[in-house]
Asker: 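So that we are looking at the same thing, I have put the structure below in structure tokens.
Naming: A, B, ... by sequence-line order, numbering from 1 per chain.
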There are 2 protein chains.
Amino acid sequence: MKFFNVKTVMETLDLIANEYQPIRQPIEVPLIEALGMVNAFDIYSDEQVPHFSRSTVDGFAVRAMDTYGASESLPAFLSITGKVDMGRAATMKLREGQAQAIPTGGMVPEGADGVVMIEHVEELGDLLNVYRQIAPGENIIRAGDDVQSGEKVLAAGRKLRPQELGVLAAIGKTTVWVYPRPIVGILSTGDEIVPCEKQTLAAGEIRDINSMTVGAAAMQAGAEVVYGGIVADELDSFAIRAKELYDKVDFLILSGGSSVGTRDYSVQVLESLGSPGILVHGVSIKPGKPTILAKANGKPVMGLPGHPASALIIFHLFAGPIIEKLQGRKHESTDKRLTAKLSRNVPSAVGRTDYVRVGLEEREDGLWAVPVFGKSGLITTLVDSDGMVEIPASKEGILEGEFVKVHMFY
Amino acid sequence: MKFFNVKTVMETLDLIANEYQPIRQPIEVPLIEALGMVNAFDIYSDEQVPHFSRSTVDGFAVRAMDTYGASESLPAFLSITGKVDMGRAATMKLREGQAQAIPTGGMVPEGADGVVMIEHVEELGDLLNVYRQIAPGENIIRAGDDVQSGEKVLAAGRKLRPQELGVLAAIGKTTVWVYPRPIVGILSTGDEIVPCEKQTLAAGEIRDINSMTVGAAAMQAGAEVVYGGIVADELDSFAIRAKELYDKVDFLILSGGSSVGTRDYSVQVLESLGSPGILVHGVSIKPGKPTILAKANGKPVMGLPGHPASALIIFHLFAGPIIEKLQGRKHESTDKRLTAKLSRNVPSAVGRTDYVRVGLEEREDGLWAVPVFGKSGLITTLVDSDGMVEIPASKEGILEGEFVKVHMFY
């Protein structure tokens, strides 16, 4: 097969970063439904968090200067003039020489600038012996320490984790604007492919593994999936079915067939869907060279290699980032990478980026990446793998014991 | 506050590994719904994958020995006797001196033991010039290479990723037995805690951040969440509300309050729910010492520290693994760990495990973990963090440039 626009892995990733944007308009959803989605706009706080100064310990609110010089042998003597109630305003002002009992999270009364821990005092009726000095601000979170009023708490384009939702909850937001989950369509191609439900296979047939693996991986990446089924190696019906599915989705993935016919038809079909058409035809990568990437009237369209293992590796490398771009994610994620030492020498060809499947082993001296052997067509090699290691195009291989980056499979 | 059964982090994790098991019976679900769940039983294949020998390239099926010695200058001459159709049985036997055209994925005919790539031959009518010799088995995946009939394809207790679902699809399974998602109940406690929806806070009040963050983190870990709302610092109503929620869920988490009263009540309430009661009361960890772990008639029950950041860190360390145990997961996951170099010296106390929040930075010489400063009560410190670094109890700190393990926040 001839490839007419072969790119490197880096060129392909750069192109993905530049070519694709969210297709649909942002929507407003309740916070808890936004988990894993990406906020569409910068978010500012209208209030400060906390909105009052709080104690971080159980103890006594005091003026720090009243404790200066206090020690086990020479305590400071203060008079207890009150008690702060949890969840209530501290209404009584604290004056020189005074102390007020305060619980963790209680409001620090006006006049106090620190809290002495309960472990460092002794109560004698209304008198308090303080056995340790504190600095101003000690054991206090001041009003606005967490969030200032008017502060930008979240920049647009961030994936919302539990802590981002927590900050929004803290400032009183109950909803957030996010990009809708992209809808990914998957169409399997090839005369040899039959539905997974078919129990008894005829000679020459294989089940449609890629719809299952690629669909599941797309869901993990935050997309909704529409399955287009299987289409035979026949140009007209392939083109019609692809167009039907393209019209329904934000991102069309063609997958499954591996014959020359299917691959040629994929190119024609991808070109026919809209302009500018094919951007990448072939990536200098192993496995996965016959990858095709196109853009049709703003929508990404992709042709995955047919081997199940290659298809899933290419999905992780390129389709995952495309889904992130469609979600409006702005910052490249480091959340799927991990560093380990490679357990053996792995040779490679210069000018081609190789991806080696690895299992991870925790040993005394750290995490090791152990290459998983097997032909790229075998799906079981992926079951035995925790992730994949990149051997850059500039290298002839990687030596045993070298640190490598592992792109994790989830 | 007095802790009466303080454990180390390792002791607590060992206890979690040994004390908790799935509570509910396995259920059978369609493959695609099982993504991220854990298979309950060992799974064996009734068939072999592929169930016929397949070509991995476009080319000609041959007997390898007929190509021995072939080269650019001295090709082997074979006669083309047929063509294998995609998705069909190869019905014609191949004999000495013969070749049959075959597509990638096509069935290798009887008598052939290898495939010559299209790039290494020249067709001259019915004659084929072969310019390279191949070894037996070259460019072929043999029947059963991926999965043997009778082979165990998945051991019980594995989290189902796209590739595990792919293998099940490949062997014709359309459903899988998994443990149901555990139901986690969250009850917030504390007189100062008000619902997140409350727009104007009175002095001393703070919003219920932990229900949001802990709930979202539980969903990420694979659980369903039932929110129990907020209960005040009053023993009787606390005990009643906790019992009500406990009865509905597989795992009860108490969270939110931080006053002495709440903490004392938590201990009493956790003890009252069932035997054996409290297993851990205090962990030698920073932040998060006031962690309580209990077991009530087989169900895990946990008291999280009140500070939002501490609560989420403790959730990641202990509640996440408990949810994995309730899902039937058998192998410890390495999927949330990553190695990086620490960007500065961080001191620590011997005998206590410290968790330092870090952001990750990709630099020329690899991945660096940069500590995020801020008091443990501040939720914004978590927003700035990609994960946390453990400083083991045996160490006085970690030096700049040392490799550290980062437990990622997702």
Asker: Strictly distance-based, threshold 3.5 Å: is any side-chain N or O of B:Gln163 a donor or acceptor partner for the main-chain N or O of A:Leu382?
Answerer: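 Yes, because the side chain of B:Gln163 sits within donor-acceptor range (under 3.5 Å) of the backbone of A:Leu382.
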Asker: So A:Lys405 and B:Leu367, do their side chains get closer than 4.5 Å, heavy atoms only?
Answerer: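 Side chain of B:Leu367 against side chain of A:Lys405, heavy atoms only: no contact under 4.5 Å found.
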Asker: Let me know if A:Ser55 has heavy atoms under 4.5 Å from chain B in its side chain, its backbone, both or neither.
Answerer: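 Neither part.
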Asker: Just by modelled atom types, is the B:Glu205 backbone N or O under 3.5 Å from a matching donor or acceptor in the A:Arg88 side chain?
Answerer: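 No, because the side chain of A:Arg88 does not come within donor-acceptor range (under 3.5 Å) of the backbone of B:Glu205.
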Asker: Using side-chain contact (heavy atoms from CB on, under 4.5 Å), reason through B:Leu201 and A:Glu47 one step at a time and then give a plain yes or no.
Answerer: CA-CA 10 Å; B:Leu201 299 182; A:Glu47 41 180 279; 4.3 Å; yes
Asker: Below 4.5 Å, heavy atoms only, C-beta onward: do B:Met212 and A:Pro162 meet side chain to side chain?
Answerer: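 B:Met212 does not reach A:Pro162 side chain to side chain.
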Asker: With a 4.5 angstrom heavy-atom cut-off, could you sort out which part of B:Ile140 is near chain A: side chain, backbone, both or neither?
Answerer: backbone
Asker: Tell me the closest heavy-atom pair linking A:Leu378 and B:Asp145, and the distance in Å.
Answerer: CD1-O, 4.0 Å
Asker: Which residues pass the ring pair (Phe, Tyr, Trp, His ring centres under 6.0 Å) test with B:Phe403, sequence neighbours left out?
Answerer: A:Phe403
Asker: Please check: side-chain N/O of B:Thr339 versus main-chain N/O of A:Thr339, any donor-acceptor pairing under 3.5 Å?
Answerer: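 Yes, because the side chain of B:Thr339 sits within donor-acceptor range (under 3.5 Å) of the backbone of A:Thr339.
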Asker: For the CD atom of B:Glu192 and the CE atom of A:Met107, what is their distance to the nearest 0.5 Å?
Answerer: 13.5 Å
Asker: Look at the side chain of B:His51 and the backbone N and O of A:Ala202, then say whether any donor-acceptor pair between them is shorter than 3.5 Å.
Answerer: yes
Asker: Does any backbone or side-chain atom of B:Leu168 lie under 4.5 Å from a heavy atom of chain A? Answer side chain, backbone, both or neither.
Answerer: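 Neither part.
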Asker: Ignoring hydrogens and geometry, is there a side-chain-to-backbone donor-acceptor pair from B:Arg161 to A:Thr213 under 3.5 Å?
Answerer: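 No, the answer is negative, given that no donor and acceptor are paired below the 3.5 Å cut-off.
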Asker: Of the backbone (N, CA, C, O) and the side chain (C-beta and beyond), which part of B:Thr380 lies under 4.5 Å from a heavy atom of chain A, both, or neither?
Answerer: both
Asker: Does any heavy atom of chain A fall under 4.5 Å from the side chain of B:Leu165, the backbone, both, or neither of them?
Answerer: both
Asker: Do B:Arg54 and A:Ile206 come within less than 4.5 Å of each other through their side chains, counting heavy atoms only?
Answerer: yes
Asker: Is it true that a side-chain atom of B:Asp191 and a backbone atom of A:Gly87 form a donor plus acceptor pair closer than 3.5 Å?
Answerer: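 Not at all, since once roles are kept as given, no pair shorter than 3.5 Å links the two residues.
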Asker: Can you find a heavy atom in the side chain of A:Val49 that is under 4.5 Å from one in the side chain of B:Arg207?
Answerer: no
